[in-house]
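This report concerns only the one structure given below.
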Amino acid sequence: MTINWNGIETKWRNKWIESKDFETNPNDKPKKFITVAYPYPNSPQHIGHGRTYTLADVHARFYRMKGYNVLFPMGFHYTGTPVLGMAKRIGAGEKEILDGLRNIYHVPEDAIKTFVEPVKIADYFHEEIKSGMIEMGYSIDWRREFTTIVPGYQKFIEWQITTLKEKGRIIQGSHPVGWCPVDQNPVSQHDTMGDVEPKIDDKNFLIKFKFGNFIFPITTLRPETIFGITNLWVNPNTIYKKVTVDDEMWIVSEQCAKKIEFFEKQVKVIGEISGSEIIGKYATNHDGREIPVLPADFVEPSMGTGLVMSVPAHAPKDYQALMDLRIKNHELASKIEPIPIIVTEGYGSIPAKDICEKLGVSDQSDEKLEEATKALYLKEFTDGKLNDKCGQFSNEKVQFGRDKIRAWLQENNFLEKFPVLENAPVRCRCGAECVVKILNNQWFLNYGDESWKELARNCFDEMNILPNNIKTEFVEVIGWLHERACARQQGLGTKLPWDKDWIVESLSDSVIYMAYYTISRFVNDGTVTPENLTKELFDYVLLDKGDASLVASTSKLSVDTVNLLKKEFQYFYPVDSRHSGRDLVQNHLSFFVLNHVAIFPKEHWPQEIVVNGSVMMDGAKMSKSMGNIIPLRTAIKDHGADPIRLAIISSAELLQDADFNMESVSGIQNKLESLLEDCNAKVSDIGNLEAEDRWILSKTQSMISQVTEAIEKMRLREALHDILFTFESDLSWYAKRIEAKGRSDISGILHKINSARVAMLSPFAPHIAEEMWQKLGYNELVSKSSWPEYSKENIDATAIQSEEFLKSTIEDISNILKVTKITPKKIVLYVNSDSMKTKVYRKILEIMVGGQNNMGVVMKELIADPETSDAKKMPDFVQKVIKDLYSESETIKAMKLESESFDEKEFLAKELTSIGKKEFGVDITVYSENDSDIYDPKGKARHARPFKPAILIE
RNA sequence: GCGGGAGUCGCCCAGCCUGGUCAAAGGCGCAGGGCUUAGGACCCUGUCUCUAAGGAGUUCGUGGGUUCAAAUCCCACCUCCCGCACCA
């Protein structure tokens, strides 16, 4: 039988939609509010995106069956800049992006035509993604859907950001950004050629030297080396500019003069001076020392200020340049000696000299100098210590001393920040080379605030984080988080209410929006309009502040409506579970918590975060350039939604990267097909239970308990595994037993088992589970049925334990046959009947179930008890029993202890003969050790131990 | 550099928190058998080494340690992956 997946899926999806099953309103039942980070619609979703949503959907469906009133909503995050960049590129007719849209995403031509308008791109992919979600069978309440640029949402964001400001969480300050001087805009990855992220190095500094009335500003990553300066380097072939910078006069390269204009400085060129004119003169450093200026060709005017300070003891390039001059008998250079200021193990007094000699550097143009610089820099940073040349900082480790020296210089106006683009040159898509610009009126969320962090920590302490081992990462993130820009100058979104030049940044308008799901339903159905959503209304509904009638009048709503909104929010909040990918741990998920604790009272803080890993495709990372992206909708069409859901879930535990491949999809399809075939309507009632019936029914019970617990901890792979495979091996053992006995009266039992199994499968594979449920003869939907209840009373300890006994006996026989390669003519079993052995066995069992495993201790306890003191006569037996019991689970041991009067001989004689005959093709005879008519030609019987019959094979 | 994570029997991947149920689940692959006109699918058996009695030996990145007992706990080391911000 081949399943028409899409056909089945459409059929059941329509039933769900018809019965409005997933539309959730407050009622008397306990609620669960499960949310996933909404998507940014600038491309169709692929299988990787499907993972988070699928996990959340399983979660939601599970709790629905457990009897909760589950709200699982969805929105679309339009806020941000990527679609702006896309629209621009599409407008410019860029081939690369157009090809991508046509060939990878299969966007129709007439849709592409509209894409010059950014919102149209978002609108198109919004619908595309939504369709995919519906086709995947996600149980979403679509009545609450919104995008982040609709007026109602914007009202909500205005309220959020105003509230944060009122609570003192927002501050203003300066911040460096990558900037396009032509477009007059900040640039991010999406705005640059080759999609490079402009990386800003703000550990770069400028140190000021006096040169008459002028200042020589010199950039360095190592401010501590000022103590070891011997000279400055200037390129004799460069014409430098004399410029006024605010109220100082600087000498810098032309390129540098342009850069510092973007640092909020008033810059004016007032003259020129050539490098050769400066050479040979002296500048003054911070402590008044005279520093000579020497020539060096390696000085590039485009780097830093176009001037370089020389620390030959610690900078290989400086050392080599100095040596090169000495070789040419440069008079001044010959007098200069390196000044060592850092002591590092493994290096002599002049480390730069050591490393240059070690690597065999020939001259200052030698490429090996890069390597030397890097190696020495790192080594001195991690291991080096400042020496007594460094005054008050001597004896400090470099990595700590550097910051102190930096701060000290800054205080005394010898140092300023000089952020640079680490990966320069970065080109804007317009072609211009990007610069670093310092924005001085940027708005920040003050995540660095210790009191705020403390609140977040409190929240994390009480929150359930799944999987638990990612909790430490959250704690770390909260630790190092500091001010974060919350506004930007372009892109879609909501304007800052108090400063309309800025738009609320996209990671800041997506942190508490789950609250808006409780309101959006009423906006969407017209109960309220965006104009009604006043600050007073939000305060009342979300924070329980103010008075209903007052709020009603300012928001122009009835008191009833106002209270309806409030009731809805108070019913559904807090968020019970937030699902997201692990890449969002360091930003969205942490901000989600920080913003909740800043705005809401404790009872509305999030309860749980579930983090999942990403999806790989055949072991490789999915990427557009690799061409291995499979759009989710294509995959659904080709393989069916359920197989894809299961393939995603079954390939890895929560936090692991899941590997998606077609083999696993088809494996799952086959599995589901055979499961469907196994589902038949009940044709008989359950009659008298035999041993194997009691066993399989007990197994079903423990399976239910196991699966339920696994899902509660979101160990979905494990749960699915149990449903699909562990169950299978139990059932096949059962089938074997049934067949050996020639029974045909088990359809009632199988029906019962399959019902539980299908019900548990339904959150994972909801469509096909409905089909199975129908085949099982049910008229209602499985998604509306109750989760199978686990009851301990239905577990028959004796049945489980005795079936294990049967299995292990058969295993022993097969083992012997395998090793001896005998073809058996006769199999004889001898069960223990010695009452002393039984007593000792039970006593050992008792001791070991109590947790004691030590042979010596067990023996002592045995001897101490007069009932079992004879154990000292049979140490071999005791040792073997302990060993037997080591390899048994705690539950089996406990069960053995529970089932007191178990007759091994009767059981084996009754149950083993049928299956034994089938397995080994001969009759099996069972004797008791002390039977008078015993057949025991080889004297095997005395080896019998409780639950371990002796075996004779002829 | 800072922070997080991983290394398991051909491959993928469980187990580690809570030590004994672990020669270590499951899937894939491979080998043999069944089914089939054939192929596919499906089912059974095997898949570290040795073993003519249900057993033994050597394994979980490397080296130490704790323990009656270590894949699991502790220490050190090696290797690899990911994130580091104004970007969704």
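For the numbers below, each heavy atom of this structure counts, side chains included, while hydrogens, waters and symmetry mates do not. Protein chains get the first letters and strands the later ones, always in sequence-line order, with residue 1 at the start of each.
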Problem set entry | Residue-phosphate contact under 4.0 Å: A:Thr81 side-chain N/O, B:A88 OP1/OP2 | yes
For this session: Have a look at A:Thr726 and say if it touches a base, only the backbone sugar-phosphate, or nothing, with a 4.0 Å heavy-atom cut-off.
Result: nothing
For this session: Looking at every strand, decide which applies to A:Leu724 at a 4.0 Å heavy-atom threshold: base, sugar-phosphate, or nothing.
Result: nothing
Exercise. Under 6.0 Å from the NZ atom of A:Lys88, do we count more than 12 heavy atoms belonging to anything else shown?
Worked result: no
For this session: Give A:Asn670 one of three labels, base, sugar-phosphate or nothing, depending on what nucleic acid heavy atoms sit under 4.0 Å from its own.
Result: sugar-phosphate
For this session: Determine the Euclidean distance between corresponding C1' atoms of B:A41 and B:G3; express it in Å to zero decimal places.
Result: 49 Å
Problem set entry | Interatomic distance where CG belongs to A:Leu654 and C1' belongs to B:A14 [whole Å] | 14 Å
Exercise. Taking the C1' atom of each, how far is B:U72 from B:A24, in whole Å?
Worked result: 12 Å
For this session: May I ask you to say what A:Ser814 touches in the nucleic acid, namely base, sugar-phosphate or nothing, with a heavy-atom cut-off under 4.0 Å?
Result: nothing
Seminar exercise, completed: Of A:His721 and A:Lys948, the one whose closest nucleotide on RNA chain B sits nearer the 5' end is A:His721
Problem set entry | Between P of B:A88 and CG of A:Leu507, the distance in whole Å | 7 Å
For this session: Take A:Val477 and A:Arg717, find for each the nucleotide of RNA chain B with the closest heavy atom, and name the residue whose nucleotide sits nearer the 5' end.
Result: A:Val477
Exercise. Just by distance, with hydrogens left out, do A:Tyr78 and A:His126 show a side-chain donor and acceptor under 3.5 Å apart?
Worked result: yes
Exercise. Within the structure shown, what part of the strands sits under 4.0 Å from A:Arg582 by heavy-atom distance: base, sugar-phosphate, or nothing?
Worked result: sugar-phosphate
For this session: Take atom C1' in B:U59 and the same atom in B:G1, then report the distance between them in whole Å.
Result: 38 Å
For this session: Give none if B:U36 has no partner; otherwise give the nucleotide forming a Watson-Crick or G-U wobble pair with it, both distances under 3.5 Å.
Result: none
For this session: Respond yes when some side-chain nitrogen or oxygen of A:Arg488 is under 4.0 Å from OP1 or OP2 of B:C87, and no when none is.
Result: yes
Exercise. Is there a donor-acceptor contact under 3.5 Å linking the side chains of A:Trp733 and A:Glu803?
Worked result: yes
For this session: Could you tell me whether A:Leu952 contacts a base, only the sugar-phosphate backbone, or nothing, with contacts defined as non-hydrogen atoms closer than 4.0 Å?
Result: base
Seminar exercise, completed: Looking only at heavy atoms, the pair that brings A:Pro467 and A:Leu654 closest together is CD-CD2, 3.6 Å
Exercise. How is A:Arg715 classified with respect to the nucleic acid when contacts are heavy atoms under 4.0 Å: base, sugar-phosphate, or nothing?
Worked result: sugar-phosphate
Exercise. Does a side-chain N or O from A:Thr472 land closer than 4.0 Å to OP1 or OP2 of B:G4, or not?
Worked result: no
For this session: Return yes if the base of B:G54 and the side-chain atoms of A:Asp812 contain a donor-acceptor N/O pair under 3.5 Å, otherwise no.
Result: yes
For this session: Indicate, with a heavy-atom threshold strictly under 4.0 Å, whether A:His77 touches base, sugar-phosphate, or nothing.
Result: sugar-phosphate
Exercise. Which part of the nucleic acid does A:Pro467 contact within heavy-atom distance under 4.0 Å: base, sugar-phosphate only, or nothing?
Worked result: nothing
